[in-house]
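Predicted model only: the values in this text are computed from it and were never measured. Throughout, protein chains are lettered first and strands after them, A, B, ... in sequence-line order, and every chain is numbered starting at 1.
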Protein chains: 2
Amino acid sequence: MLSKKTKYGIKALTYIARQPSKKPVQTAEIAESENISHKFLESILVQLRKAGFLGAKKGKGGGYYLIKDPAEIPMTTIIRILEGPIAMVPCVSLNYYEKCDDCKDEVTCSVHQLMIQVRDSTLKVLGNNTLADITKQ
Amino acid sequence: MLSKKTKYGIKALTYIARQPSKKPVQTAEIAESENISHKFLESILVQLRKAGFLGAKKGKGGGYYLIKDPAEIPMTTIIRILEGPIAMVPCVSLNYYEKCDDCKDEVTCSVHQLMIQVRDSTLKVLGNNTLADITKQ
DNA sequence: TATTACCCTATCGGAATAGTAGGTTAATAG
DNA sequence: CTATTAACCTACTATTCCGATAGGGTAATA
């Protein structure tokens, strides 16, 4: 399951990317439009700024704006920042690998082999979709 | 992320399916072999029995045995029983649909459209793999 | 009749999620 | 220069869920 944090983060990025002008967008505006708790959204956008997706401007007329070209941001990178691993089991995660403490042998583990397939198909979808792609929809 | 419950359940089913004879397998044996908490595993197997995957025999020489042909059990059905929805967001779940309370319109929601693609690719993988398939590996 | 092994209910600690609260800092407008 | 604006930061909290544990009850076998 996708956490609300990730969901809200993607929706916020989409909202910003859909702006006709490049002027900063206020968190309050996004929060109201997307029905997200204002304070919760703030913490998410701070994280996205620190990750290099967004720039921020303080004071009146301030807000958040995109730094990178939406067409250059695959959804995998956004989700990895907000959600963490994309794989359904740590032992098949490419970026957050962790060995199962119960598993003797990954090669003969039925779950492991199956989840590799799921991971690959998911990565394919999320890798082929950029922020620009999902903004169009 | 896959819960340990689902992971253990799949491993247990695989363990039973890999038995050379059709004699019942004890929970204690599975728990020890797969490094699963015995009591926790019991509760999982009860659920799989109630769902119609397993039969149980009490008393000495008792245990659990497969009722259906492993080749006739797609992984989707097992995961849906143990984990619940396969989709990453309730609003794109086929079997456990729930409307988002924050979303105005699913059609224009970027997350919604993206997660439909993820769901479909995941369903394809899990639907094409049966218990027999992952047992072979 | 004793043993075995599934079955049932209840409980529980810990971690994570989804916020909430309250103040601080920096930029802009007047 | 000052007031306002809006991002920024820290800390706290309520709730939920997960994974597991405890302790016995029930049915089948030897």
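- At the phosphate of D:dT21, OP1 or OP2 sits under 4.0 Å from a side-chain N or O atom of B:S37.
- Put simply, CD on B:E83 is 8 Å from P on D:dC18, counting in whole angstrom units.
- Under the 3.5 Å distance criterion, with hydrogens and angles disregarded, a donor-acceptor pair is assigned to the side chains of B:Y15 and B:E29.
- For B:R49, counting side-chain heavy atoms from C-beta on, the closest listed nucleotide (C:dA5, C:dC7, D:dG19) is C:dC7.
- B:K5 has its NZ atom 12 Å from the P atom of D:dC17, to the nearest Å.
- With no hydrogens or angles considered, no side-chain donor-acceptor pair links A:Y64 and A:Q26 at under 3.5 Å.
- Going from atom CD1 of B:I36 over to atom C1' of D:dT21 covers 16 Å, rounded to whole Å.
- Atom NZ in A:K4 sits roughly 19 Å away from atom P in D:dA14 (whole-Å rounding).
- Distances were taken from every side-chain heavy atom of B:F40 (C-beta onward) to each of D:dC9, D:dT21, D:dA7; the shortest belongs to D:dT21.
- Across C:dT25, C:dC6, D:dG19, the shortest atom-to-atom separation from the side chain of A:K58 is found for C:dT25.
- OP1 or OP2 of C:dC8 sits under 4.0 Å from a side-chain N or O of B:K50.
- A side-chain contact (heavy atoms from CB on, under 4.5 Å) with B:V118 is found for one member of A:T122, A:L123, A:I79, A:N129 and no other, namely A:T122.
- Between A:Y8 and the phosphate of C:dG19, there is a side-chain N or O to OP1/OP2 separation shorter than 4.0 Å.
- When each of A:E42 and A:K60 is assigned the nucleotide of DNA chain D with its nearest heavy atom, A:K60 is the one assigned upstream, toward the 5' end.
- Nucleic acid contact for A:S43: none, since no nucleic acid atom lies under 4.0 Å from a heavy atom of the residue.
- Remark: the A:S3 side chain and the A:E83 side chain contain an N/O donor-acceptor pair separated by less than 3.5 Å.
- The residues A:K4 and B:D102 are annotated as not salt-bridged, no charged nitrogen and carboxylate oxygen being separated by less than 4.0 angstrom.
- Computed from coordinates, the A:E29 CD to D:dA6 C1' distance equals 13 Å when rounded to whole Å.
- The distance between atom CD1 of B:I44 and atom P of C:dC8, rounded to the nearest whole Å, is 16 Å.
- When the nucleotides C:dC6, D:dT21, C:dA18 are ranked by their closest atom to the side chain of B:K39, D:dT21 comes out on top.
- Rounding to whole angstrom units, NE2 of residue A:H38 and P of D:dC8 are separated by 11 Å.
- We find that NZ of B:K57 is positioned 12 Å from C1' of D:dA30, with the value rounded to whole Å.
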